[in-house]
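We count ligands from 1, going down the list as the structure has it; atoms in each ligand are counted the same way.
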Amino acid sequence: MYILYGGDFTRAPLVQWVLEEGGIEYELRKIDILNGENRSAEFLAVNPAGLIPVLITPEGDVLYEVAALMVYLADRHRLEDLAPSSADPDRGLFLSTVFHIAGDIQPEMKRFHFPHRFSLRREDDIGIQDLAKSLVLSRLGVMDGRLAKRGPYVLGSRFSLVDFYLCFWVAYLDRRTVCMRFPAIATLYNMVRSRPGATRYLQETEGMADAYAEMMNTSPGGVIA
Ligand SMILES: N[C@@H](CCC(=O)N[C@@H](CS)C(=O)NCC(=O)O)C(=O)O
């Protein structure tokens with residue numbers, strides 16, 4: 001059985017959603033990042049980087065990096081409705097978009113949520129957060145153009161996990177602004193959000209995003225150190 005270390009205000013629901021979609025048996029171990037449980041000796045023994053999610057495979061391998069975990073599970077369990085197989089021509093665009101989100105969008109989301117870690121002076125935090133948001137928006141603008149030409153999903157008429165991956169970060173950034181500004185992303189977001197397996201996750205993410213934004217207002221020095 002798999003073990004997933006996840007919890008509120010983390011990206012672990014992305015992995016949990018793949019596990020659920022695939023009907024794969026797993027145990028969820030919740031880590032409270034707001035209270036620094038990810039820096040406890042117990043969790044650092046699992047992931048010395050103190051980051052979530054972590055997936056332990058049935059063989060006992062300890063795996064990190066959310067994008068890798070999603071693709072690994074889909075490949076290993078042959079969930080071709082979530083990820084085109086390696087010989088499928090759609091695999092190229094699929095991987096290219098997964099890597100783009102992992103490499104170019106997620107790091108900006110880190111700056112967006114933890115601006116205090118990237119600034120020497122508290123008064124710069126707001127600017128760092130605004131810049132991170134505008135960089136993500138410009139990347140989403142490119143994505144929107146692509147979806148408008150060849151949508152409604154990233155792979156055209158075919159849904160895959162990358163659509164859920166993208167919508168998850170849209171929900172965490174500011175779904176209202178994104179959907180107002182980018183019509184093709186708005187269409188995608190509504191389609192993905194209405195999928196039976198995805199609704200709960202995106203609703204929860206929207207709630208987490210709103211709650212985190214509220215906490216940022218009341219903790220200008222950083223919600224999590
Ligand atoms: N590159 C890693 C980053 C993981 C990551 O930053 N996770 C966040 C939760 S979404 C975390 O553990 N944050 C705690 C911290 O940064 O202190 C991935 O994509 O899985």
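- For ligand 1 and Arg117, the ligand atoms under 4.0 Å from any heavy atom of the residue are 15 (C), 16 (O), 17 (O).
- Using modelled atom types, one side-chain atom of Thr187 and one backbone atom of Pro183 make a donor-acceptor pair closer than 3.5 Å.
- Near Arg39, meaning under 4.0 Å from any of its heavy atoms, are these atoms of ligand 1: 17 (O).
- Short contacts between ligand 1 and Thr10, defined as distances under 4.0 Å to a heavy atom of the residue, involve ligand atoms 9 (C), 10 (S).
- Comment: Arg121 engages Asp124 in a salt bridge, judged by a side-chain N to carboxylate O separation of less than 4.0 angstrom.
- Between Phe9 and ligand 1, no pair of N/O atoms sits closer than 3.5 Å.
- Just one of Lys30, Glu37, Glu27, Arg29 meets the side-chain hydrogen bond (donor to acceptor under 3.5 Å, both in side chains) condition when paired with Tyr5; it is Arg29.
- A salt bridge does not link Asp163 to Arg193: none of the charged side-chain nitrogens sits closer than 4.0 Å to a carboxylate oxygen.
- Among protein heavy atoms, atom 11 (C) of ligand 1 sits closest to Leu51 CD2, 3.7 Å.
- Neither the backbone nor the side chain of Met109 comes within 4.0 Å of ligand 1, counting heavy atoms alone.
- Counting heavy atoms closer than 4.0 Å to ligand 1, residue Asn38 contributes side-chain atoms (C-beta onward) but none from N, CA, C or O.
- Distance from atom 3 (C) of ligand 1 to its nearest protein heavy atom, with residue and atom name: Arg11 NH1, 3.5 Å.
- Between Glu59 and Arg76 there is a salt bridge, since at least one side-chain N of the basic residue sits less than 4.0 Å from a carboxylate O of the acidic one.
- Taking the ring centre of Tyr153 as origin, the terminal cationic atom of Arg158 falls outside the region bounded by 6.0 Å and 45° from the ring axis.
- Lys110 NZ, 3.6 Å is the protein heavy atom nearest to atom 13 (N) of ligand 1.
- A distance-only check finds a donor-acceptor pair linking the side chain of Asn190 to the backbone of Ala186 [under 3.5 Å].
- Ranking the protein heavy atoms by distance from atom 7 (N) of ligand 1 puts Ile52 O, 2.7 Å first.
- When hydrogens are left out, the protein atom nearest atom 1 (N) of ligand 1 is Glu65 OE1, 2.7 Å; that is the closest non-hydrogen contact.
- The main-chain N or O of Ala225 is found under 3.5 Å from a side-chain atom of Arg117 such that the two form a donor-acceptor pair.
- Closest to atom 20 (O) of ligand 1, if we only count protein heavy atoms, is Val66 N, 2.9 Å.
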